[in-house]
Number of protein chains: 2
Amino acid sequence: MPKVNVSKRVTISDVAREAGVAQMTVSRVVNGGNYVSAGVQKRVREAIEKLGYQPNEAARILKGQKARIIGLIVPTLADAFFSACANSVQDVAARHDYMTLIQTSSSRAEVETSEIDMMVSRNVAGLILIPMEQKASPRLAEVQASGVPIVTLDRVIKGLNANEVLVENVQGAEDAVRHLIWHGHKKIACLGYDTELLPIQERIEGYTHAMKEAGLQTYVWKVESSKAIAPLLQRKLQGPQPPTALFTLNNVTTIQTLHTLQALGIRLPKDLAMVGFDDIDLASLLTVPITVVRQSAHELGRTGAKLLFDMIRASASPKDAPKTRLVLPTELVLRNSCGCKTPITELAPKSH
Amino acid sequence: MPKVNVSKRVTISDVAREAGVAQMTVSRVVNGGNYVSAGVQKRVREAIEKLGYQPNEAARILKGQKARIIGLIVPTLADAFFSACANSVQDVAARHDYMTLIQTSSSRAEVETSEIDMMVSRNVAGLILIPMEQKASPRLAEVQASGVPIVTLDRVIKGLNANEVLVENVQGAEDAVRHLIWHGHKKIACLGYDTELLPIQERIEGYTHAMKEAGLQTYVWKVESSKAIAPLLQRKLQGPQPPTALFTLNNVTTIQTLHTLQALGIRLPKDLAMVGFDDIDLASLLTVPITVVRQSAHELGRTGAKLLFDMIRASASPKDAPKTRLVLPTELVLRNSCGCKTPITELAPKSH
DNA sequence: TTGAAAGCGCTAACAC
DNA sequence: GTGTTAGCGCTTTCAA
């Protein structure tokens, strides 16, 4: 266990004195021990051990090194999807012996921008974003050009040469909608907000494609925010010719819809069939277990972080790697809200 | 060879030159502007604005200042309770213009210890923990003595003079159990793991007190981990004289229990009544809406972070504040698993 | 292979 | 009020 003396921290010169060498030699040993004879190296290591020396990161950074810290910006940690993602990123970072500086953008692009600046000014070794900003600011391009690797998760930033980890949104949405069509539904609506974001757009695209492919008319219900879901549903479902099935575009929409349906006394799946994008906790314990397109937040975070550390390692060597885009699969989890009679056999919550 | 500084950052001396003053004057302005004439101050601020100067934190830290960063250690971010808490802490920190260094201890005390060391070695201005370690190591006492404010959430560290934000666990558990007793139950069991942790112990204490007060025998079922819940329940509930009611000691236990009951075909509340500690997402949408003791993760994080920033501010001035312990209230949320006929009227998820 | 010297950008302490 | 000086602990550069 590394001991740190809080009161007066051991510095490199303490170690140098102890080992009877120059600071520079200690520095060389600490940084890999190149061009240091075995004997001296041993002596220095013993001194380091004896004194409990830990390099001062502030001094290193001041000399232009990168911090052993990565930055992570997510829209919020109050959403289970993003926090599961953050958990995995943090986990991978810890395995690489890096710490994680977390900020939440509160889904606001301008907040995100200033947070990126703060992180860069702290010399983070890399940046992982679930970006709200859709297009690259000159500032961000500059950050990247200055050698800070950037990975975006779930979404992309246009005009930025960052690596990306995305999800099979089109395919997943198609699977969901085709399944509803297979159940015999003709009038299937699609509901969501944040429709300017790539994943939502892709899900709408998947919905639209599956509907057109079946020769069906599309009904894309876009709302401003999650708060507008209940009023819209109430109006649409109690109006003339309501749809017989609904495809909800993310977890929050699914949950809001469930609450609204309950309040309206609309029963799943007989009054309305439903499939949602994003699995939700306890989905199998609900009055009507919800059929969903599952995407793994854990995988998203883990994959993104691993990618980032590959980049951090690579940025030490001069060769430029091409832009990488990883796309993770989705899985249609059949439960009962779609109309399936599938018995629910999930004994325990899915493991993260 | 000239230095290849890709992003030539603006330093204090650039600003000084621009404003026609000494570096020290710029430093004074940046740090509050004491002893600087209004005119000079204005000129310096304009130069800062014009050049886009941002102080280099590494240099500040090297000079012995604290970083504008707080450290936060939680057991995991994959649990909604802890991530909601982390979200609030981060939010308060951002309002104070601090960043948040997050680590997860994976519920392991020794991991936590080394994470604290890493954070301290980065000169964090303060530390917020949901600690796994129950008693103060000499190391931690030393950290605190060196002037790093520490706040623990949800739990305490014995022998440490840290400030604490706790929850009315005893009272909450008593409310829950008394309610079950009020419903006429005599044999009420209490189930959970992590029984060495303060909040769980307090909940057991509340359970025990309420039972004894009613002249009832207690049945405390302690298991090693959440994985042991299903086997134990199966054995106990299908054995002779099963209890008629169950009090689950935290959210994970509640959820595991629900899954197990479903698999066992045991119906709430007629086969078994149940109240859980911790509200769970979607509780009102479950087959049987679950009655719970609600505690606010949001409040816990927010209160803890505010307390920490009070301490950070106070530590600038020399007067010592006494140890503070804040205890947040809980609320018994009546739904149906306890046997109540309460109609569920929650239209939307509770706001965080 | 080793060491000495020169700062990185900032601020405490002391001049003026 | 304002400026000058002297490092904080480390690594880059260059000399030995």
Side-chain angles (χ1 to χ4, degrees), chain A residues 4-45 47-48 51-68 120-123 146 316, chain B residues 1-45 47-48 51-68 120-123 125 146 316:
Chain A
V4 185
N5 258 324
V6 178
S7 35
K8 39 178 186 185
R9 266 183 65 185
V10 180
T11 75
I12 201 170
S13 73
D14 296 325
V15 177
R17 199 177 318 112
E18 175 74 24
V21 297
Q23 297 183 17
M24 201 46 233
T25 303
V26 178
S27 176
R28 287 197 181 96
V29 172
V30 169
N31 293 296
N34 289 331
Y35 307 110
V36 182
S37 68
V40 171
Q41 217 166 124
K42 181 157 174 291
R43 225 167 356 121
V44 170
R45 285 195 199 288
I48 288 174
L51 269 44
Y53 168 70
Q54 276 206 316
N56 180 323
E57 187 157 23
R60 280 185 159 168
I61 295 172
L62 194 56
K63 281 301 282 184
Q65 316 274 102
K66 289 294 174 195
R68 283 187 82 84
V120 171
S121 81
R122 283 175 169 78
N123 280 277
S146 81
Chain B
M1 222 171 58
K3 224 177 297 172
V4 193
N5 244 337
V6 184
S7 61
K8 39 185 181 171
R9 264 185 65 186
V10 181
T11 75
I12 201 169
S13 73
D14 296 326
V15 177
R17 200 178 318 113
E18 174 74 24
V21 296
Q23 297 184 16
M24 199 51 230
T25 303
V26 178
S27 176
R28 287 196 183 99
V29 172
V30 169
N31 293 295
N34 290 330
Y35 308 110
V36 182
S37 69
V40 172
Q41 219 166 121
K42 180 156 174 293
R43 228 172 345 125
V44 171
R45 285 195 199 287
I48 288 173
L51 270 44
Y53 168 71
Q54 277 204 312
N56 180 324
E57 186 156 25
R60 278 184 160 168
I61 295 172
L62 195 55
K63 278 300 283 185
Q65 316 274 103
K66 288 294 174 195
R68 283 187 82 83
V120 171
S121 79
R122 283 176 168 79
N123 281 277
S146 80

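Letters go in sequence order (proteins before strands), and every chain restarts at 1. Note that the structure is predicted; figures quoted are calculated from it, not measured.
Atom-to-atom, CD of B:Gln23 to C1' of C:dG7 comes out at 13 Å; the value is rounded to the nearest Å. Note: CZ (B:Arg122) to P (D:dC8) measures 22 Å, nearest angstrom. If you take CG of A:Leu51 and P of D:dG9, they are 14 Å apart, rounded to a whole angstrom.
The CD atom of B:Gln65 sits 7.0 Å away from the CG atom of B:Asn31 when rounded to the nearest 0.5 Å. Taking CZ of A:Arg9 as the start and CG of A:Asp14 as the end, the distance is 11.0 Å to the nearest 0.5 Å. One distance of note links CD1 of B:Ile48 with CD of B:Glu18; it measures 11.0 Å at 0.5 Å rounding. Put simply, CZ on A:Arg17 and CD on A:Gln23 are 9.0 Å apart, with the number rounded to the nearest 0.5 Å. One finds the CZ atom of A:Arg68 at 8.0 Å from the CZ atom of A:Arg60 (value rounded to the nearest 0.5 Å).
Put simply, B:Thr11 has no side-chain N or O that comes within less than 4.0 Å of OP1 or OP2 on C:dC8. Put simply, B:Ser27 has a side-chain N or O that comes within less than 4.0 Å of OP1 or OP2 on C:dT11.
Of the candidates C:dT2, C:dC10, D:dT11, the closest approach to any side-chain atom of A:Met24 belongs to D:dT11. Relative to the side chain of B:Pro55, the nucleotides C:dT2, C:dC10, C:dG3 differ in distance, and C:dC10 lies closest. Relative to the side chain of B:Ala22, the nucleotides D:dG3, C:dT11, C:dG3 differ in distance, and D:dG3 lies closest.
Evaluated for a side chain to side chain contact (heavy atoms under 4.5 Å, CB included) with B:Arg45, the options B:Val30, B:Val29, B:Val15, B:Val40 yield exactly one hit, B:Val29.
At a non-hydrogen distance threshold of 4.0 Å, A:Leu62, A:Lys63 from residues 56-68 of chain A come into contact with DNA chain C. Near-neighbour residues of DNA chain C inside residues 28-35 of chain B, defined by a heavy atom below 4.0 Å, number-ordered: B:Arg28, B:Asn31.
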Assess whether side-chain contact (heavy atoms from CB on, under 4.5 Å) is satisfied between A:Val44 and A:Gln41, documenting all intermediate values.
CA-CA 5 Å; A:Val44 170; A:Gln41 217 166 124; 5.8 Å; no
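Within the 4.5 Å cutoff, the side chain of A:Asn56 has no heavy atoms near those of the A:Thr11 side chain.
Scanning for salt bridge (Lys or Arg N to Asp or Glu O under 4.0 Å) contacts around A:Lys63 gives an empty result, with sequence neighbours left out.
In terms of position along DNA chain D, the nucleotide closest to B:Thr25 lies nearer the 5' end than the nucleotide closest to the other residue of the pair A:Ile12 and B:Thr25.
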